[in-house]
Amino acid sequence: MDLTWSPAEEAFRAEARGWLEANVPRGLPSGDTREGFTAHLEWERKLFADRWAVVSWPERYGGRDASLWEWLIFEEEYYRAGAPQRVTQNGIFLLAPTVFEFGTAEQQDEILPRMAAAEQLWGQGWSEPGAGSDLAAISSRADKVDGGWRINGQKTWTTRGAFCTHLFGLFRTDPEASRHAGLTYLLVPLDTPGVTVRGFGRLDGDEGFAEVFFDDVVVPDSAVLGGVGQGWSVAMATTGSERGLTLRSPGRFLAAAERLRRLAVERAGSLTASARDGVVEAHLRAEAYQLFTLAQVTDLVEGRTPGAESSLNKLYWSELDIALHETALELLGPEAELDGPWSRGHMFSLSGPIYAGTNEIQRSIVAERLLGLPRR
Amino acid sequence: MDLTWSPAEEAFRAEARGWLEANVPRGLPSGDTREGFTAHLEWERKLFADRWAVVSWPERYGGRDASLWEWLIFEEEYYRAGAPQRVTQNGIFLLAPTVFEFGTAEQQDEILPRMAAAEQLWGQGWSEPGAGSDLAAISSRADKVDGGWRINGQKTWTTRGAFCTHLFGLFRTDPEASRHAGLTYLLVPLDTPGVTVRGFGRLDGDEGFAEVFFDDVVVPDSAVLGGVGQGWSVAMATTGSERGLTLRSPGRFLAAAERLRRLAVERAGSLTASARDGVVEAHLRAEAYQLFTLAQVTDLVEGRTPGAESSLNKLYWSELDIALHETALELLGPEAELDGPWSRGHMFSLSGPIYAGTNEIQRSIVAERLLGLPRR
Amino acid sequence: MRFAPTAQQVELATAVRELLADACPPETVRAAWGSEGEKARVDLWRQLADLGLLGAVLPEADGGLGLTEVDLVPLMVEVGRAAVPLPVAETVAVLVPLLAGRPGDGDDLTGLVTGNLVGTAELAGSGVLPWAGCSDRALVRSGSELRLVDLTGVPLELVTTVDGSRAAARTPQLPGTLLSTDPADLERAWLRGALATAAQLVGLVHRQLDLAVAHAAARKQFGVPIGSQQAVKHMLADVLLDVRFALPVVQRAAVSLAAGAPEARAHVAAAKAMASRAADRAARTTIQAHGAIGYTVEYDLHLYVKRAWALADTWGSETHSRAVVADSLGLPPAVDPSVLPWEAAR
Amino acid sequence: MRFAPTAQQVELATAVRELLADACPPETVRAAWGSEGEKARVDLWRQLADLGLLGAVLPEADGGLGLTEVDLVPLMVEVGRAAVPLPVAETVAVLVPLLAGRPGDGDDLTGLVTGNLVGTAELAGSGVLPWAGCSDRALVRSGSELRLVDLTGVPLELVTTVDGSRAAARTPQLPGTLLSTDPADLERAWLRGALATAAQLVGLVHRQLDLAVAHAAARKQFGVPIGSQQAVKHMLADVLLDVRFALPVVQRAAVSLAAGAPEARAHVAAAKAMASRAADRAARTTIQAHGAIGYTVEYDLHLYVKRAWALADTWGSETHSRAVVADSLGLPPAVDPSVLPWEAAR
């Protein structure tokens with residue numbers, strides 16, 4: 001049990017903190033509107049220019065070869081500095097791990113540096129109108145044509161899809177195969193003829209989602225990531241990332257709990273006992289999430305893989321996030337109905353228990369795989 | 001919307017209150033021990049002597065022909081006066097409504113006056129080791145013999161079974177018929193040869209439960225209540241009573257919420273905000289339960305039957321009861337671990353979501369029958 | 001004792017429900033989020049006036065329906081169910097009864113009940129006036145005085161709200177006519193507003209629940225309707241449980257208020273506390289039961305969820321309402337728990 | 001940074017777990033509810049002494065294992081898992097470390113670590129001394145002084161507790177030897193007791209969960225194991241979630257306490273708060289998952305549930321522990337919400 005950082009890690013933290021303090025932009029508009037997205041891209045390119053965009057990646061792709069520990073430290077400092085949400089996150093946190101694991105050398109060299117530089121902006125193409133948490137029900141299909149695949153169908157709930165340049169997704173390449181079998185992971189430039197993207201509003205009204213329609217869209221064979229028919233297992237690797245520690249680093253919740261604490265101090269005059277207890281709760285849970293993650297990273301570093309444990313992470317951070325924002329709204333009282341960072345954060349938090357497999361599904365995974373309760 | 005009582009009802013209340021104030025015994029031991037049970041029987045017989053044992057029954061059985069409204073008033077006054085739990089309740093609240101509805105004139109005349117007088121003490125024989133909430137899985141059987149039935153099998157979780165004189169229960173009379181079919185409702189004197197009763201401890205350690213073993217126990221044909229093979233529908237009528245308003249009258253929770261309020265006032269020095277809020281919550285919920293019941297009784301009086309609504313009652317009072325006792329334990333602090341009325345009440349409250357169909361089953365009933373969600 | 005609405009009350013509520021199903025479908029609520037919805041709002045207001053709802057509490061002799069707070073509850077439930085994007089509660093339950101007792105304000109009163117004027121109210125002193133953008137008059141409080149503000153020509157600083165139909169504005173000290181300095185008037189106005197808001201929340205919960213049940217019964221995942229899964233069933237059963245036990249508490253509050261009973265303050269607070277909690281939990285649960293579909297503004301659910309959020313925290317939040325109940329129970333103030341047993345609380 | 005137990009820590013915990021599986025099965029805990037269990041208690045205490053557990057925190061030079069608070073956490077988890085009906089935490093984590101620093105109390109110290117004496121402790125001032133009936137020494141507090149009481153020959157008024165193995169007694173002012181007037185000693189003793197209690201709660205939750213999972217997988221109703229039903233799955237998943245996130249908080253508290261860090265007070269309070277909550281929820285949930293079987297004293301579950309209830313409220317309840325955390329966050333005191341907006345809070 002060693003909870004101290006090495007001098008090298010402390011130095012890394014100091015460097016990150018210094019750079020962030022000097023560079024974090026203030027008052028950026030929402031990255032889920034077209035103007036906001038453009039403003040965010042500037043920030044992403046500045047991160048890349050100073051090699052902070054993808055710290056854990058190899059240097060040749062713009063990273064710093066940072067360890068998992070350093071990545072955690074960077075994330076802590078990133079959120080602590082009040083830096084904005086990463087509009088590139090679906091690429092760098094969801095697709096990139098899959099490209100590192102399953103991509104060919106050509107795919108890696110083609111995609112990763114451009115993704116890091118925020119030149120290629122990737123959206124996720126998994127959900128369909130009939131396939132939400134039940135991903136295996138995907139019906140969008142890709143038929144083999146000479147030298148490539150012809151795609152028809154529809155994806156939806158693609159985050160920031162209206163502003164992305166590329167989409168990664170699962171498509172049914174063997175219509176005979178049932179459910180999990182016969183799916184292939186494809187990479188699709190959104191300027192390919194036959195693609196139509198229509199943005200639509202999330203709960204907060206911003207155009208944070210898109211539907212993507214495919215009408216005889218032809219992509220080359222090189223668009224396949226990880227082998228024809230292997231889509232399910234390739235995608236599951238990414239699902240692990242989304243639910244696991246990469247997407248929701250503890251730094252984010254530590255920073256939010258600290259903002260909440262400051263809000264409570266500022267509004268001492270309306271700090272009721274229940275709101276005060278909510279601040280304590282947010283702090284306790286954010287720290288518990290951090291400590292749980294430190295234990296998990298220790299396991300990872302020592303070669304023990306978390307597996308179904310990532311469902312615990314997802315349940316914990318998503319419910320913590322909602323409780324934290326509910327307390328903020330309680331503190332704001334009648335002002336809670338005004339548009340602002342807390343009311344927007346609250347609405348955003350409500351997506352946590354829904355995406356990447358609903359929390360109901362996660363609880364069943366925990367019960368079946370960690371507790372060993374019988375399936376139906 | 002009329003929330004006032006008529007002068008006759010007020011007079012009934014005054015009479016009940018006066019009698020209870022003069023007669024309610026203090027410091028009775030638990031009715032779930034043998035000595036305590038005997039002490040409670042004295043109280044039951046005093047209630048009967050002054051015609052307060054079964055106010056809503058006809059006069060010829062020892063009642064007062066009281067209306068549903070008067071019954072509610074009596075229950076309110078009964079608990080308000082701090083009168084003890086009724087050790088006869090499984091007879092008068094669960095079996096009696098069934099005898100009134102399905103019994104022959106002979107059965108009614110034989111059973112009801114003796115039950116009211118606490119001469120016959122009835123235990124419920126529904127659950128079996130393999131059939132808890134899933135009552136239709138009952139396997140104890142009764143085989144037809146000349147002039148009667150021969151019973152073999154085992155019942156369990158019979159409340160106060162070790163102190164009862166009679167048992168009502170469901171037995172499989174047609175082993176070919178599946179689940180709900182082929183069950184018969186039988187009435188069994190526990191002194192019949194072949195019956196063995198073994199008491200065992202509830203969570204609070206008192207011998208509040210019993211196992212009842214049947215080894216070639218022969219009962220006459222007149223032991224059948226409501227027709228051979230009709231057991232399921234006959235029993236369901238009683239289930240309605242158990243879950244509905246008869247078993248858990250609002251008066252009980254109003255009185256408990258008031259005791260909790262007084263505890264909070266007495267312990268003002270340790271009244272933390274969360275305990276204080278718990279007192280408010282208990283009060284709000286007890287009143288809501290009362291008001292909901294008043295609406296339900298209005299419906300009953302006007303001929304609208306509650307049906308699956310009784311699942312709402314059961315969910316509400318059982319969870320209110322636990323929350324109320326948890327608040328009491330919070331107020332008691334380290335003293336909560338001492339044996340006493342609040343710690344015993346807390347343990348007893350935990351049975352609420354289990355018996356008479358678990359709350360999980362009740363929620364499914366609400367979802368399917370009141371909301372119309374699909375069954376699996 | 002008869003704790004159920006009368007046949008007449010049911011009939012009137014049914015009429016309002018049917019009117020609103022036609023006159024205030026989700027498209028009307030949605031339109032009210034933008035300026036293009038103004039005409040629909042005006043039409044809707046007029047229809048409510050024609051039904052007699054706006055002046056419903058006036059005596060029949062004065063052209064009203066002679067309704068009491070008890071009669072208003074089922075009507076306000078319907079207004080909530082439809083998420084009417086107008087200050088119906090404020091006009092019908094707060095302004096009209098207040099002005100009706102004051103002969104000098106006849107023009108405003110007539111304007112309100114005939115549908116020529118729209119009246120809003122805000123007594124919490126939050127600094128934000130809901131419905132300002134679509135109202136002509138506003139009842140506000142300064143200290144313990146009630147004032148009526150003519151909003152015509154007053155420059156309003158409109159603000160963006162989570163529920164975009166609220167047309168709210170910031171209200172620095174508004175000029176206004178003194179209506180009353182009697183604290184009893186103020187309290188009655190507050191209790192009527194809180195009661196009407198609680199009733200609307202009940203209706204909003206039912207609407208959310210209806211949407212969620214319909215979705216859960218139809219939406220299939222893993223080969224079965226999601227509503228056949230226990231997790232979804234049980235979460236929606238809890239929403240029903242909350243709202244079914246909140247309604248009688250709201251009804252009782254109306255009875256007490258109409259009777260002028262001293263318990264009215266505590267009973268209205270109990271009603272608002274329970275309705276606010278039911279609404280907050282319903283909002284979270286029904287969004288979850290809808291999955292990603294509920295998390296968009298294209299689907300209708302959000303219209304009702306956001307109204308519920310707004311109403312849950314106004315006219316007394318759950319916390320504030322519970323404080324009123326605590327007060328009525330004679331509970332001593334809470335003490336801070338000691339930090340360590342031998343250290344006093346700070 | 002390496003936030004995981006060492007191989008040595010795992011090994012020692014495994015040894016204790018195996019010992020207790022043999023030496024402290026449910027029958028032993030059950031026997032401790034009656035006087036016939038005294039011999040089993042004495043034997044068990046001796047076995048713990050033989051393993052070196054009782055003096056584990058003494059330096060190796062003094063015959064101990066040189067363990068720190070960090071090493072004790074996994075051991076106390078095992079003590080909790082087995083619901084050992086003895087004051088192991090009080091002796092090992094509170095009394096021995098306190099006496100070890102004081103040369104004058106050598107006999108008592110030797111007696112405790114060799115298993116000849118049993119030592120209990122109660123510093124909250126609750127008026128009830130747990131384990132009094134099976135202990136020879138008791139650490140108590142008067143004001144901010146620590147006193148050691150020789151219980152031999154002291155007439156004890158034993159009280160009935162929900163957990164019948166606790167052998168608790170009422171403690172009017174007990175005569176005792178002054179051990180320390182240094183508030184730092186008092187605080188360290190308190191924090192060690194609270195930490196060891198939190199760790200035991202983690203073990204108790206795991207035991208309850210194991211029982212519930214085994215039952216739910218085996219028990220069939222409606223033709224399927226009840227554990228295949230979502231409702232049962234999800235409620236047990238929540239128990240695991242609580243305890244899995246409580247453990248690292250307990251571990252961190254041990255690291256801070258062992259390092260003498262100023263955050264130790266807040267970190268121990270966080271640990272106790274989370275462990276207490278996890279235990280309270282586990283108790284309720286696992287009883288529910290067992291159905292009527294869990295609601296009897298014939299089945300073993302109640303042994304672990306009742307111990308959890310007792311420990312959750314001692315050495316700082318959840319509420320008190322959260323107050324310590326609030327204090328460490330620099331939060332201003334709570335204000336009473338105003339009753340009505342224009343009325344000040346009372």
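None of the values given here were measured: they were computed from a predicted structure.
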[X] (side chain) donor-acceptor with [Y] (main chain) under 3.5 angstrom:
{"X": "B:Arg276", "Y": "C:Pro332", "result": "yes"}
{"X": "C:Lys233", "Y": "B:Pro374", "result": "yes"}
{"X": "B:Thr272", "Y": "C:Pro337", "result": "no"}

Let me know if [X] has heavy atoms under 4.5 Å from chain B in its side chain, its backbone, both or neither.
{"X": "C:Pro225", "result": "side chain"}
{"X": "C:Val335", "result": "both"}
{"X": "C:Val249", "result": "both"}
{"X": "C:Val224", "result": "side chain"}
{"X": "C:Leu247", "result": "neither"}

[X], part contacting chain C, at a heavy-atom distance under 4.5 Å:
{"X": "B:Gln290", "result": "neither"}
{"X": "B:Asn359", "result": "neither"}
{"X": "B:Glu368", "result": "side chain"}

Quiz item: So C:Leu331 and B:Arg261, side-chain contact (heavy atoms from CB on, under 4.5 Å) or not? Walk me through it.
Solution: CA-CA 7 Å; C:Leu331 291 177; B:Arg261 190 191 71 79; 4.0 Å; yes
Self-check item: Closest-packed option against chain B by number of heavy-atom pairs under 4.5 Å, given C:Met274, C:Arg244, C:Met235
Solution: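 Highest number of pairs under 4.5 Å: C:Arg244.
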Show the nearest heavy-atom pair for residues [X] and [Y], with the distance to one decimal.
{"X": "C:Gly330", "Y": "B:Val265", "result": "O-CG2, 4.1 Å"}
{"X": "C:His234", "Y": "B:Ser364", "result": "NE2-OG, 2.9 Å"}
{"X": "B:Val366", "Y": "C:Ala237", "result": "CG1-CB, 3.7 Å"}

Quiz item: Between B:Asp2 and C:Met1, does a side-chain contact (heavy atoms from CB on, under 4.5 Å) hold up when you go through it step by step?
Solution: CA-CA 5 Å; B:Asp2 173 12; C:Met1 181 64 61; 5.7 Å; no
Let me confirm one number: the [atom1]-[atom2] distance from [X] to [Y], rounded to the nearest 0.5 Å.
{"X": "B:Arg363", "Y": "C:Gln230", "atom1": "CZ", "atom2": "CD", "answer": "11.0 Å"}
{"X": "C:Asp71", "Y": "B:Met1", "atom1": "CG", "atom2": "CE", "answer": "10.0 Å"}
{"X": "C:Phe245", "Y": "B:Leu291", "atom1": "CZ", "atom2": "CG", "answer": "10.5 Å"}

Quiz item: Salt bridge between B:Glu281 and C:Arg277, side-chain N to carboxylate O under 4.0 Å?
Solution: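 Looking at B:Glu281 and C:Arg277, the cut-off is met.
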Quiz prompt | Worked check of side-chain contact (heavy atoms from CB on, under 4.5 Å) between C:Val213 and B:Leu373 | solution = CA-CA 7 Å; C:Val213 166; B:Leu373 285 167; 4.1 Å; yes
